[in-house]
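In what follows, a structure is listed as structure tokens, so that the remarks can point back to it.
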Amino acid sequence: MKWKGFTLVELLVVISIIAMLLAVLMPALGKAREQAKVITCLANCKQVGTIIAAYRSEYNGAVPIVFNRWAKNTGGVKVKNSYISIALRNYSEQTKHLPSSLDPEGTWGLQYNGKVATYVEKYLPSFYICPFARGKATETDRKYEGTVAVNGTEFTKQNFKGKFETFSTFAYGRVKDEDMAAWWGIAPGLRPKYAALPWNSTYDNYGRLRGLPDLENPIVWEGRTHLSNKIINGVQVPIKISSLSEATVSYCVMGESRDYDRNLTSPNIIFNYKSHHKQNSGGSSAIFADTHAAWVPGDQIGWH
């Protein structure tokens with residue numbers, strides 16, 4: 001029996017059809033992968049929120065002292081005050097029993113070094129690392145990728161690279177529904193949907209960090225007037241929340257976020273432009289003061 005194979009024309013037709021199908025399906029698959037990562041990041045936030053709630057229930061509602069990752073003068077700050085995962089180490093099996101070389105009372109520093117690398121590679125729970133993390137190196141790096149104009153505001157684009165703890169706290173209290181243009185001179189018409197609460201209370205009269213954390217006065221988010229870094233007639237302005245569900249306390253830095261420069265002495269920065277894309281916008285996953293988690297648009301998060 002003589003077998004008949006494909007002719008060259010038939011083979012080319014089949015290859016063309018497969019190529020066309022791939023061209024149609026690949027964008028959909030890419031979007032599906034993107035949304036899967038967004039969902040995973042949000043699940044990570046929910047898990048960390050649960051751990052925060054466990055910590056607070058044990059310490060009468062207080063939260064650990066954790067500095068914002070970009071705060072100044074943190075070179076001598078203990079590791080437990082620099083990383084959320086270390087501050088909450090007793091609530092995860094991976095971090096509960098660290099070797100003596102990784103002393104939470106020590107000062108590892110915020111930049112790459114041997115101890116940080118060892119911790120990230122061997123002990124850091126996976127839910128503290130965003131699935132959007134790019135690269136395997138345990139050193140945090142920023143990649144500059146030009147500029148972009150968003151709603152009339154010019155930004156320098158920066159992307160984070162590396163494998164590291166991706167949760168960050170806020171350096172300053174931020175007012176809910178504040179007119180950013182009136183106070184900061186930026187983004188006309190932009191009003192943050194949520195307030196922001198810091199994890200420490202060491203500020204000067206303008207809300208700026210003034211040195212080491214106040215380790216004697218841990219914050220309890222309930223039952224107090226939360227103040228922003230905004231001053232009117234010498235008085236700090238409340239952040240205007242009716243419940244803790246209206247204030248973010250941490251977010252994933254691998255998502256899109258903004259860093260505005262009030263004095264316009266340096267470019268505004270947009271981190272990870274269009275990352276965690278949802279609802280036609282880049283954004284990030286955030287943990288709120290009542291420890292629930294939600295996706296937040298990129299223009300509503302960050303603002304260090």
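Worth saying up front: this structure is predicted, and the values here are computed from it rather than measured. For this chain, numbers begin at 1 and follow the sequence in order.
Interatomic distance, CD1 of Ile287 versus OG1 of Thr169, reported as 10.5 Å (0.5 Å rounding). Atom CD1 of residue Ile84 and atom CZ of residue Phe167 lie 7.0 Å apart, to the nearest 0.5 angstrom. Separation of atoms CE (Met254) and NZ (Lys161) is listed at 10.5 Å; rounding is to 0.5 Å.
A salt bridge does not link Arg56 with Glu58: none of the charged nitrogens is closer than 4.0 Å to a carboxylate oxygen.
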Determine, step by step, whether Leu197 and Trp221 satisfy the side-chain contact (heavy atoms from CB on, under 4.5 Å) criterion, reporting the C-alpha distance in whole Å, the side-chain angles of both residues, the deciding distance to 0.1 Å, and the verdict.
CA-CA 8 Å; Leu197 289 176; Trp221 287 326; 3.7 Å; yes
Output, in order, the C-alpha distance, side-chain angles, deciding distance and verdict of salt bridge (Lys or Arg N to Asp or Glu O under 4.0 Å) for Lys80 and Glu105.
CA-CA 6 Å; Lys80 68 178 184 180; Glu105 300 293 329; 2.9 Å; yes
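Annotation: Phe271 is in aromatic contact with Phe160 [ring centroid separation under 6.0 Å]. Note: Phe170 and Tyr251 meet the aromatic proximity criterion, with ring centroids under 6.0 Å apart. Aromatic pair Tyr128/Phe164: centroids not less than 6.0 angstrom apart.
The side-chain hydrogen bond (donor to acceptor under 3.5 Å, both in side chains) check on Asp290 picks up His292, with sequence neighbours excluded.
Both the sub-6.0 Å distance and the 45° axial angle are satisfied by Lys37 relative to the ring of Phe132.
Looking at every heavy atom in both residues, Lys96 comes nearest to Asn90 through CE-O, 3.3 Å.
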